[in-house]
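Quick one: structure below, then a few questions.
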Amino acid sequence: MCGELRSSDAGTTVTLMGWVNRRRDHGNLIFLDVRDRTGITQIVLDKEASPEAHAKAEAARSEYVVAVTGKVRVRGQGLANPNMVTGDIEVVGSELLLLNEAKTPPFSPAEDAIANEEVRLKYRYLDLRRVEMQKNFAVRSRVAMAIRNFLVEQGFLEIETPFMTRSTPEGARDYLVPSRVHPGHFYALPQSPQIFKQILMISGFDKYFQIARCFRDEDLRADRQPEFTQIDLEMTFPRQETIFRVVEGFLQTAFKAAGVELGNQQFVQMTYDQAIARYGIDKPDMRLPAMVDLSTELTAELRETLKVDPALPVLGFTIPRVGELSGTARKALVNEIRGSFGDCGLDFLDVSRLRTNEAFVPLAEAIAAKLTAEQIVFNGENFTTEDLAVVITPKPGTPAKWNHDPQWIWKRVGALRLELAKKYADKHGLFTQTGTAADFKFLWVTDFPMYEWNEEAKTWDAAHHPFTSPHEDDITSGRLVNDKGAVRALAYDIVLNGTELGSGSIRIHRQDVQAEIFRSLGMTDEEARARFGFFLDALEYGTPPHGGIALGLDRIVMILAGASSLREVIAFPKTAKAIDLMVDAPTPVSEQQMRELSLRTVTRS
RNA sequence: GGGGACGUAGCUCAGUUGGUUAGAGCGCUGCCCUGUCACGGCAGAGGUCGCGGGUUCGAGCCCCGUCGUCCCCGCCA
């Protein structure tokens with residue numbers, strides 16, 4: 001194929017088929033770069049040697065589909081192109097067929113500059129011809145295959161589950177499919193195969209997996225599409241660690257398939273509480289140092305002078321290798337931070353300014369020492385003026401909302417940490433991909449809270465999903481009833497570079513516990529039966545302990561491809577408004593179709 | 001649902017304080033060219049300045065609305 005010929009092929013006669021990437025017309029000599037999935041080869045057409053082929057080449061244009069037959073020749077002295085893999089050779093075209101013409105494309109797949117997304121998505125077939133995209137989908141295919149092979153070798157059975165299933169009101173909004181046969185009734189597309197995979201465990205398939213399409217009718221983000229692909233798995237009699245080892249195993253294999261040798265990289269583990277306290281987020285980006293609480297460094301006196309609330313944490317963090325900021329840049333930064341925090345009682349403490357006042361020098365030193373300690377733990381480097389230090393203090397008399405949720409300040413400062421990291425990403429180089437294991441920082445987050453307080457409805461909701469098992473201790477201790485906020489779930493997330501790759505849990509396998517959880521979520525037994533009766537029934541027929549996880553294949557590939565949007569690794573993605581610009585979906589349907597489904601549209605006020 | 005950025009030639013973009021005929025690069029069309037590889041040279045075509053309204057003697061530029069794309073918050077068990 002076009003990317004495969006080398007100087008060792010010299011002398012052989014070949015036929016190449018592909019698209020005209022570029023044409024360079026020198027009059028009696030024409031060069032055609034012919035492109036296919038594997039690469040590009042230069043074809044030379046000489047008017048004297050092959051007048052017919054040359055004449056056809058004159059008519060050829062970008063993106064014409066051609067077939068060229070000719071002899072492979074090593075290029076002469078000084079004619080090789082070191083920038084091309086096939087640059088040592090060329091094919092001397094003796095016969096050229098124009099298999100198909102092409103309209104002038106709205107943008108060229110050969111161009112380095114890429115068009116705006118609207119045009120790319122509308123002409124997706126042209127966009128997908130670009131080398132970059134071809135590469136992404138090759139990675140995707142290899143990764144999926146590696147995972148499939150790994151799981152099958154580990155004794156997992158691939159089983160498909162329905163796309164048309166039953167609507168479950170919990171969680172994300174469902175995509176609904178109207179039933180023709182049952183007027184007014186709807187199927188729902190699965191948000192995940194959750195209940196089916198648990199039933200498969202009850203059915204005795206002790207290790208199940210599926211590369212499954214899932215559907216969620218929620219608003220999109222760069223890392224969220226309405227339909228996406230999960231590597232879904234479940235097994236019987238697992239401990240958390242059993243699941244972790246399986247996932248770590250297939251990630252190693254998948255990354256290897258994509259050309260990244262993770263070796264024996266540590267999959268760090270921390271609890272949800274630790275993650276919030278150290279990073280202010282449940283999916284910490286471990287490519288950056290953690291936050292540190294500096295409140296112990298401030299004496300009561302200093303707090304008074306600096307107007308710092310004594311009851312709340314003083315959080316500091318560094319963004320390494322930002323480089324020294326100019327005075328103006330520094331001022332702008334401080335204003336920006338103060339501006340965004342002004343309404344919630346947080347203030348920026350400028351460590352370098354502290355040093356200018358003798359009374360505060362010891363404090364500045366103490367803070368610097370703590371930040372240094374953290375940075376040494378992180379990457380072995382001392383904290384220097386090259387690193388950006390940010391210290392955020394709470395003013396006394398802070399807004400009441402904090403009193404209900406002391407984690408609020410951690411989360412808020414944690415968000416700032418990410419914002420600044422992104423802002424200085426190019427400068428500090430921590431996010432620059434090197435193609436080695438060091439680019440990828442994995443993390444398991446465990447012990448998620450079981451319940452989440454819903455301020456609007458004044459109820460406790462399931463933080464994960466209602467089939468998640470609480471810690472055994474929390475069942476026996478009675479916290480399930482008395483102290484829902486403190487109940488920990490046997491739920492875990494796998495996080496990579498600040499992106500949640502997957503989420504799983506050990507499930508409830510006892511009908512009485514399941515019923516108890518439904519009750520604790522404010523569901524009466526009747527309601528639970530109405531929604532999940534079939535599942536409660538199943539639990540009563542000998543359910544083994546089981547658990548599993550689901551990982552976003554799209555996100556894994558996105559990170560491996562170094563892309564910043566899922567659209568780069570999904571062949572036919574949708575826009576932020578969930579529209580497919582190529583096929584133009586969704587569309588209205590005919591009156592006839594609507595009638596068949598017993599549907600009528602109404603205008604919403 | 002909310003906030004922000006963007007929308008000018010096929011593509012990427014510039015367009016000053018509101019002022020005559022709206023520009024560049026790439027691409028495209030024609031002609032020339034035997035060693036280019038982002039080929040080169042000459043000539044040329046190509047515009048509903050997203051759309052609608054308003055202000056003004058005059059709007060690509062100001063105001064209001066609207067549509068589209070992207071990013072973020074909410075939402076995503």
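Below, read A as the first sequence line, B as the second, and so on, with proteins coming before strands; counting in each chain starts at 1. What you see below is based on every heavy atom in this structure, not just the backbone, and it leaves out hydrogens, waters and symmetry mates.
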Using the six-membered ring of Tyr175(A), assess whether NZ or CZ of Arg216(A) lies under 6.0 Å from its centre and within 45 degrees of the ring axis.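 That pair does not qualify as a cation-pi contact.
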Contact class for Thr468(A) (heavy atom, under 4.0 Å): base, sugar-phosphate, or nothing? nothing
Are any side-chain N or O atoms of Lys574(A) and backbone N or O atoms of Pro226(A), one a donor and one an acceptor, separated by less than 3.5 Å?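 Checking the backbone N and O of Pro226(A) against the side chain of Lys574(A), no donor-acceptor pair under 3.5 Å is found.
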side-chain contact (heavy atoms from CB on, under 4.5 Å) partners for Met164(A), two or more places apart: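 By the side-chain contact (heavy atoms from CB on, under 4.5 Å) rule, Met164(A) matches Val177(A), Tyr187(A).
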Which residue lies more 5' along RNA chain B, comparing His465(A) with Pro105(A) via nearest heavy atoms: Pro105(A)
Asp174(A) and Gln191(A): side-chain hydrogen bond (donor to acceptor under 3.5 Å, both in side chains), yes or no, with the steps? CA-CA 7 Å; Asp174(A) 288 322; Gln191(A) 299 170 21; 2.5 Å; yes
Watson-Crick or G-U wobble mate for C39(B), both contacts under 3.5 Å: none
At 4.0 Å (heavy atoms only), tell me whether Glu452(A) reaches a base, stays on the sugar-phosphate, or touches nothing. nothing
With rounding to the closest Å, how many angstrom separate the C1' atoms on C61(B) and G19(B)? 12 Å
Taking atom C1' in both C70(B) and C26(B), what distance in whole Å separates the two?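 The answer is 24 Å between these two C1' atoms.
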Under a 4.0 Å threshold between the charged nitrogen and the carboxylate oxygen, would Glu218(A) count as salt-bridged to Arg173(A)? yes
Taking any strand in view, what nucleotide pairs with C26(B) in a Watson-Crick or G-U wobble way, both distances under 3.5 Å?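 C26(B) is paired with G10(B).
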Taking 4.0 angstrom as the limit, do Glu101(A) and Arg61(A) come out as a salt bridge? no
When you measure only distances, ignoring hydrogens and angles, does the side chain of Gln42(A) come within 3.5 Å of the base of U36(B) through a donor and an acceptor?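 Result: at least one qualifying N/O pair found.
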Residue pair Cys2(A) / Thr86(A): nearest heavy atoms and the distance that separates them: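 Distance-wise, the nearest heavy atoms are O-CG2, 3.6 Å.
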State which residues pass side-chain contact (heavy atoms from CB on, under 4.5 Å) with Thr459(A); sequence neighbours excluded, sorted by chain then number.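 In terms of side-chain contact (heavy atoms from CB on, under 4.5 Å), with neighbours along the sequence ignored, Thr459(A) is linked to Asn454(A), Ala457(A), Asp461(A).
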Val131(A) vs Gln134(A) side-chain heavy atoms within contact, under 4.5 Å: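 Sidechains of Gln134(A) and Val131(A): no contact.
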Would you mind reading off the distance between Arg22(A) atom CZ and G40(B) atom P, rounded to a whole angstrom?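 After rounding, the reported distance stands at 10 Å.
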Nearest whole Å is fine: how far is U34(B) C1' from Ile43(A) CD1?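 Interatomic distance, CD1 of Ile43(A) to C1' of U34(B): 17 Å.
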Taking C13(B) as the reference, what is the distance to G7(B) when you measure between their C1' atoms (whole Å, please)?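 The answer is 12 Å between these two C1' atoms.
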Interatomic distance at C1', G68(B) relative to G52(B), whole Å: 15 Å
Base-pairing assignment for U66(B) (Watson-Crick or G-U wobble, both under 3.5 Å):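 G50(B) - that is the nucleotide pairing with U66(B), both distances being under 3.5 Å.
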Applying the salt bridge (charged side-chain N to carboxylate O under 4.0 Å, His left out) test to Glu63(A), which of Arg35(A), Arg23(A), Lys103(A) qualifies?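 It is Arg35(A); the other options fail the test.
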What contact category does Pro106(A) fall into here, base, sugar-phosphate, or nothing, at under 4.0 angstrom with non-hydrogen atoms?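 Sugar-phosphate, no base atom in range.
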From Ile508(A), Val481(A), Leu521(A), residue fulfilling side chain to side chain contact (heavy atoms under 4.5 Å, CB included) relative to Glu516(A): Val481(A)
Anything under 30° is parallel, anything over 60° is perpendicular, the rest tilted; go ahead and classify Tyr123(A) against Tyr125(A).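 Rings of Tyr123(A) and Tyr125(A): perpendicular, as their planes differ by over 60°.
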I'd like to know if Arg224(A) reaches the base of C75(B) with its side chain such that a donor and an acceptor end up less than 3.5 angstrom apart.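 Yes.
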Tell me: CD of Glu500(A) to P of C76(B), nearest whole Å? 13 Å
So, under a plain 3.5 Å distance rule, would you say the side chain of Asp25(A) forms a donor-acceptor pair with the base of C33(B)?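 Result: at least one qualifying N/O pair found.
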Give one of base, sugar-phosphate or nothing for Glu48(A), where a contact means two heavy atoms less than 4.0 Å apart.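 It contacts base atoms.
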Pair Phe535(A) and Phe467(A), ring centroids less than 6.0 Å apart: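 Distance test on ring centres: under 6.0 Å, yes.
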Nearest-angstrom distance from the residue atom CZ of Arg23(A) to P of G40(B):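 In whole Å, G40(B) P lies 13 Å from Arg23(A) CZ.
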Grab the CG-C1' distance between Leu126(A) and G10(B) for me, whole Å please.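 Taking atom C1' of G10(B) as the reference, CG of Leu126(A) is at 12 Å.
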U17(B) to U69(B) separation - C1' atoms, rounded to the nearest Å: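 After rounding to an integer number of Å, I get 31 Å for this pair.
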Under a 3.5 Å cut-off for both contacts, is G58(B) paired Watson-Crick or G-U wobble with anything, and if yes, with which nucleotide?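 Pairing partner: none.
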Across the strands shown, which category fits Thr104(A) at heavy-atom distances under 4.0 angstrom: base, sugar-phosphate, nothing?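 The answer is sugar-phosphate, as Thr104(A) gets under 4.0 Å only of primed atoms, P, OP1 or OP2.
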For a quick check, with a 4.0 angstrom heavy-atom cut-off, what is the B/S/- contact string for nucleotides 67-73 of chain B, read 5' to 3'? -SSSSSB
Expressed as a whole number of angstroms, how long is the span from Arg130(A):CZ to C11(B):P? 15 Å
Whether Phe215(A) and Phe163(A) hold their rings parallel, tilted or perpendicular, with breakpoints at 30° and 60°: perpendicular
Once you apply a heavy-atom cut-off of 4.0 Å, does Ala463(A) come out as touching a base, just sugar-phosphate, or nothing?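 If one applies the 4.0 Å heavy-atom cut-off, Ala463(A) turns out to touch the sugar-phosphate alone, with no base involved.
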Without decimals, in angstroms, what is the distance between Asp112(A) CG and C13(B) C1'?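 Those two atoms, CG and C1', are 17 Å apart.
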Expressed in whole Å, how much space separates the P atoms belonging to G40(B) and A14(B)? 24 Å
Report the residues that fulfil side-chain hydrogen bond (donor to acceptor under 3.5 Å, both in side chains) with Arg73(A), sequence neighbours left out, ordered by chain and then residue number.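 Residues passing side-chain hydrogen bond (donor to acceptor under 3.5 Å, both in side chains) with Arg73(A): Glu90(A).
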If I take atom CZ in residue Phe31(A) and atom C1' in nucleotide G35(B), what distance separates them, rounded to the nearest angstrom? 4 Å
Enumerate the residues from residues 80-90 of chain A whose closest heavy atom to RNA chain B is under 4.0 Å, giving them by residue number; use none for an empty result. Ala80(A), Asn81(A), Met84(A), Glu90(A)
In whole angstrom, give me the gap between the C1' atoms of G47(B) and G41(B).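 Comparing C1' positions in G47(B) and G41(B) gives a spacing of 28 Å.
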Of His26(A) and Asp33(A), whose closest RNA chain B nucleotide lies nearer the 5' terminus? His26(A)
Taking only the P atom of each, what is the distance from A45(B) to U29(B) in whole angstrom?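 These two P atoms come out 16 Å apart once rounded.
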Establish, with yes or no, whether the OP1 or OP2 oxygen of U36(B) is under 4.0 angstrom from a side-chain nitrogen or oxygen of Arg24(A). no
Tell me which residues in residues 55-77 of chain A lie within less than 4.0 Å of RNA chain B, going by non-hydrogen atoms. Arg61(A), Ser62(A), Arg73(A), Arg75(A)
